[in-house]
Amino acid sequence: MNQLVPEEDQAERMAFILALRQRGIRDVAVLRALELVPRPLFVDPALRVHAYDDVALPIACGQTMSQPSLVAAMTEALAVTAAHHVLEVGTGSGYQAAVLSHVAGSVVTVDRYRTLVSEAQARFEVLGLRNITAYVGDGFQGLPARAPFDRILLTASVESVPKALVDQLKFGGILVAPVGPPDQVQSLSRFVKEQSGLARTDLSPVRFVPLIPGAAATL
Ligand code: SAH
């Protein structure tokens with residue numbers, strides 16, 4: 001048993017992992033990653049009682065963190081290994097990046113809000129997650145200085161995959177994104193970059209906040 005985690009929390013985490021299994025998450029490495037990341041650290045203290053519920057929760061700057069079963073499903077769809085360099089667009093609380101850091105070799109994550117990026121970075125430090133770097137920037141542009149990527153995950157919706165992100169994905173690489181109109185039902189889709197273009201598979205209906213162009217001027 002992990003000595004750093006109180007026993008009460010252990011029981012909650014076991015129930016949490018069981019619920020994810022019941023929701024169809026099968027990948028053992030992904031389940032282990034979700035078990036290792038304490039979601040309470042990433043949520044508003046006022047919402048602590050819901051930290052291990054399978055619900056989306058509000059975070060700072062008017063944004064939302066996804067429900068854990070969706071975080072798990074996206075991580076599973078990305079088919080990440082320890083050999084992979086991964087880009088996440090939409091750092092938010094940092095929870096999804098922390099989950100990715102346990103399955104990937106390295107993770108870079110970008111958000112348009114400085115506040116979210118610095119809070120997420122502080123959480124990565126507390127957890128000793130040294131293979132994640134968080135940047136302030138416009139995710140529509142990707143992170144050319146850290147490209148190319150084996151995997152790219154968008155945690156905000158787009159109407160179509162931004163060209164810069166396609167350019168920064170390796171051939172044979174996978175990109176997962178919610179695709180569709182803002183504030184309506186979108187499709188969580190998985191794209192494989194082939195010589196002939198992107199091969200798309202639609203996975204499930206979802207609803208994400210939209211990716212907004214430009215780094216925020218304040219916050
Ligand atoms: N993955 C996060 C939740 C992301 S919510 C988590 O695990 O908590 C979507 C995030 O996308 C928000 O934090 C929002 O600020 C960010 N975002 C929106 N437009 C963006 C852009 N153009 N570039 C980078 N981040 C953006």
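Just follow the structure's listing: the first ligand is 1, and inside any ligand the first atom is 1.
Other residues, nucleotides and ligands place no more than 12 heavy atoms under 6.0 Å from the CZ atom of Arg21. For Arg26, the CZ atom is densely surrounded, since the number of other residues' heavy atoms within 6.0 Å is greater than 12.
Residue contact check: Gly139 has heavy atoms under 4.0 Å from atoms 21 (C), 22 (N), 23 (N), 24 (C) of ligand 1. Close contacts of ligand 1 with Thr64, meaning ligand atoms under 4.0 Å from a residue heavy atom, involve 3 (C), 4 (C), 5 (S). The ligand atoms of ligand 1 that sit less than 4.0 angstrom from a heavy atom of Tyr113 are 15 (O). Under a 4.0 Å criterion applied to the non-hydrogen atoms of Gln96, ligand 1 contributes the atoms 1 (N), 7 (O). Of all atoms in ligand 1, listed by their number and element, those nearer than 4.0 Å to a heavy atom of Gly137 are 23 (N), 24 (C). Taking every non-hydrogen atom of Thr155 and a distance limit under 4.0 Å, the qualifying atoms of ligand 1 come out as 1 (N), 4 (C), 5 (S), 9 (C). Counting the atoms of ligand 1 from 1 in the order shown, those under 4.0 Å from a heavy atom of Ser93 are 6 (C), 7 (O), 8 (O).
For Leu116, every heavy-atom contact with ligand 1 shorter than 4.0 Å involves the side chain, none the backbone. Counting heavy atoms under 4.0 Å from ligand 1, residue Gln63 touches it through the side chain alone.
In this structure, Ser118 and Tyr113 have side chains that are not in contact, with every pair of non-hydrogen atoms separated by 4.5 Å or more. Under the 4.5 Å side-chain criterion, counting only non-hydrogen atoms from C-beta, Leu34 is in contact with Tyr95.
Remark: the Asp202 side chain and the Ser187 side chain contain an N/O donor-acceptor pair separated by less than 3.5 Å. When only modelled atom types and interatomic distance are considered, Gln96 and Thr75 share a side-chain donor-acceptor pair under 3.5 Å.
Of the protein's heavy atoms, Ile212 N, 2.8 Å lies nearest to atom 19 (N) of ligand 1. The protein non-hydrogen atom at the shortest distance from atom 11 (O) of ligand 1 is Gly90 CA, 3.4 Å. Residue, atom and distance of the protein heavy atom nearest to atom 16 (C) of ligand 1 are Asp111 OD2, 3.3 Å.
Between Phe140 and ligand 1, no N or O atom pair is found at a separation short of 3.5 Å. Note: no N/O pair closer than 3.5 Å links Pro213 and ligand 1 by distance alone.
Under the 30°/60° scheme for interplanar angles, the aromatic rings of Phe42 and Phe124 are found to be tilted.
When the side chains of ILVMFWY residues are joined at heavy-atom separations under 4.5 Å, either directly or via intervening members, Leu154 and Val107 end up in two distinct hydrophobic clusters.
Ion pairing of Arg23 with Asp54 is present here, as a side-chain N (NZ or NE/NH1/NH2) and a carboxylate O approach within less than 4.0 Å.
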Between Arg39 and Tyr52, does the side chain to side chain donor-acceptor pair (under 3.5 Å) criterion hold? Intermediate values first, please. CA-CA 7 Å; Arg39 197 166 182 250; Tyr52 284 114; over 6 Å; no

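Look at Ala120 and you'll find every heavy atom at least 4.0 Å from all atoms of ligand 1.
Closest heavy-atom approach to atom 2 (C) of ligand 1 among the candidates Thr115, Thr91, Val71: Thr91.
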